[in-house]
Amino acid sequence: MSYHLHTKRGYAFPGVASAMQKAIRRGDAKLAGYWALELWASGFGQYVWRRLLTVSAEDCWGILTAEVKALHDSYTEINRNSPAKAPKGRIFISKAVILLSLAKKSRDPDHLQNFVYDQQAGLDPETLTDELERAGEYIPIPDYAYD
């Protein structure tokens with residue numbers, strides 16, 4: 001027996017979540033907002049915030065994560081005394097989506113983590129160390145890092 005999550009309009013949850021992030025990557029605030037608010041209206045508000053925070057770090061250049069976190073904190077404050085079944089403050093999700101959609105894009109943080117940790121890329125630790133040493137000046141780990 002399999003269990004699949006769906007939104008209130010019948011969309012498959014994973015597809016909506018992916019569509020939201022891909023629309024943000026492409027700078028399509030209207031479509032990203034549609035998917036974000038579809039998730040929110042379907043009871044997945046906390047998931048939307050986790051995904052928007054991830055998008056801010058994974059796909060966008062600059063310090064937008066702090067802004068998205070501030071919007072999430074505002075959303076949380078607005079909902080502090082609201083019933084869980086009737087959340088308010090979707091305006092904060094909308095603003096986060098617009099900011100992320102309009103932001104300069106950069107996948108550098110994601111590329112860095114994949115380069116360093118993704119074993120599927122076929123990098124073994126020795127090869128990685130050799131590549132990093134050839135990439136430029138080798139900087140040893142300082143003694144203060146070993147405490």
Side-chain angles (χ1 to χ4, degrees), residues 1-125 128-129 131-132 135-136 139-147:
M1 180 172 153
S2 65
Y3 179 73
H4 299 283
L5 295 175
H6 288 84
T7 66
K8 68 187 289 181
R9 291 189 178 111
Y11 294 109
F13 174 86
V16 174
S18 180
M20 179 185 74
Q21 184 165 357
K22 301 295 188 328
I24 289 171
R25 281 185 189 163
R26 288 162 180 74
D28 189 340
K30 182 177 180 181
L31 191 55
Y34 176 82
W35 297 123
L37 294 177
E38 174 69 11
L39 289 167
W40 178 82
S42 302
F44 302 114
Q46 289 307 314
Y47 174 82
V48 171
W49 282 113
R50 286 191 304 273
R51 189 73 175 236
L52 292 175
L53 283 163
T54 300
V55 168
S56 73
E58 189 174 273
D59 295 317
C60 298
W61 185 87
I63 58 171
L64 283 177
T65 303
E67 181 66 25
V68 174
K69 176 74 168 75
L71 290 167
H72 175 260
D73 292 348
S74 298
Y75 174 86
T76 300
E77 180 63 27
I78 293 294
N79 283 292
R80 185 184 332 195
N81 295 318
S82 295
K85 293 185 179 191
K88 300 183 288 188
R90 68 181 181 191
I91 191 72
F92 297 105
I93 290 174
S94 297
K95 185 169 183 174
V97 166
I98 291 168
L99 287 172
L100 294 170
S101 296
L102 294 175
K104 178 180 174 184
K105 302 305 187 272
S106 173
R107 298 276 297 146
D108 290 347
D110 189 50
H111 294 312
L112 176 62
Q113 70 154 351
N114 290 333
F115 178 71
V116 174
Y117 288 106
D118 192 353
Q119 295 303 313
Q120 294 178 19
L123 298 174
D124 64 47
L128 178 59
T129 301
E131 287 183 21
L132 289 173
I139 301 171
I141 297 172
D143 290 338
Y144 62 75
Y146 302 106
D147 55 358

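Note: hydrogens, waters and symmetry copies are ignored here, and every other heavy atom, side chains too, is used.
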Could you check whether any side-chain heavy atom of [X] comes within less than 4.5 Å of a side-chain heavy atom of [Y], counting everything from C-beta outward?
X: V16; Y: F44; answer: no
X: E67; Y: L71; answer: yes
X: P87; Y: Y75; answer: yes

*Provide the full list of salt bridge (Lys or Arg N to Asp or Glu O under 4.0 Å) pairs with a residue in residues 7-19, sequence neighbours left out, each pair given once.*
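Checked against salt bridge (Lys or Arg N to Asp or Glu O under 4.0 Å) - neighbours excluded - the pairs reaching residues 7-19 are R9-E38.
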
- prompt: Which pairs, with at least one residue in residues 44-59 and sequence neighbours excluded, count as a salt bridge (Lys or Arg N to Asp or Glu O under 4.0 Å)?
  reply: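 The answer is R25-E58, R25-D59, E58-R107, D59-R107.
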
Gap separating the CD1 atom of I24 from the CE atom of M20, nearest 0.5 angstrom: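 So the CD1 of I24 and the CE of M20 are separated by 5.0 Å.
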
Open item on the list: Within this structure, what is the CD-OG distance for the pair E77 and S74, rounded to the nearest 0.5 Å?
Closed with: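 The OG atom of S74 is 8.0 Å from CD of E77, to the nearest 0.5 Å.
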
- Anything under 30° is parallel, anything over 60° is perpendicular, the rest tilted; go ahead and classify Y11 against W35.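 Perpendicular.
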
I'd like a table of donor-acceptor pairs (distance under 3.5 Å, sequence neighbours excluded) in which one partner is a side-chain atom from residues 88-104, with atom names and distances.
from : atom 1 : to  : atom 2 : distance (Å)
K88  : NZ     : S82 : OG     : 3.4
S94  : OG     : R90 : O      : 3.3
S101 : OG     : V97 : O      : 2.8

Q: Starting from the C-alpha separation in whole Å, work towards a yes-or-no answer on side-chain contact (heavy atoms from CB on, under 4.5 Å) for T76 and W49.
A: CA-CA 10 Å; T76 300; W49 282 113; over 6 Å; no

Requested in this report: Could you tell me whether a side-chain N or O of S106 sits under 3.5 Å from a main-chain N or O of D108, the two making a donor and an acceptor?
Outcome: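 At least one qualifying donor-acceptor pair exists.
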
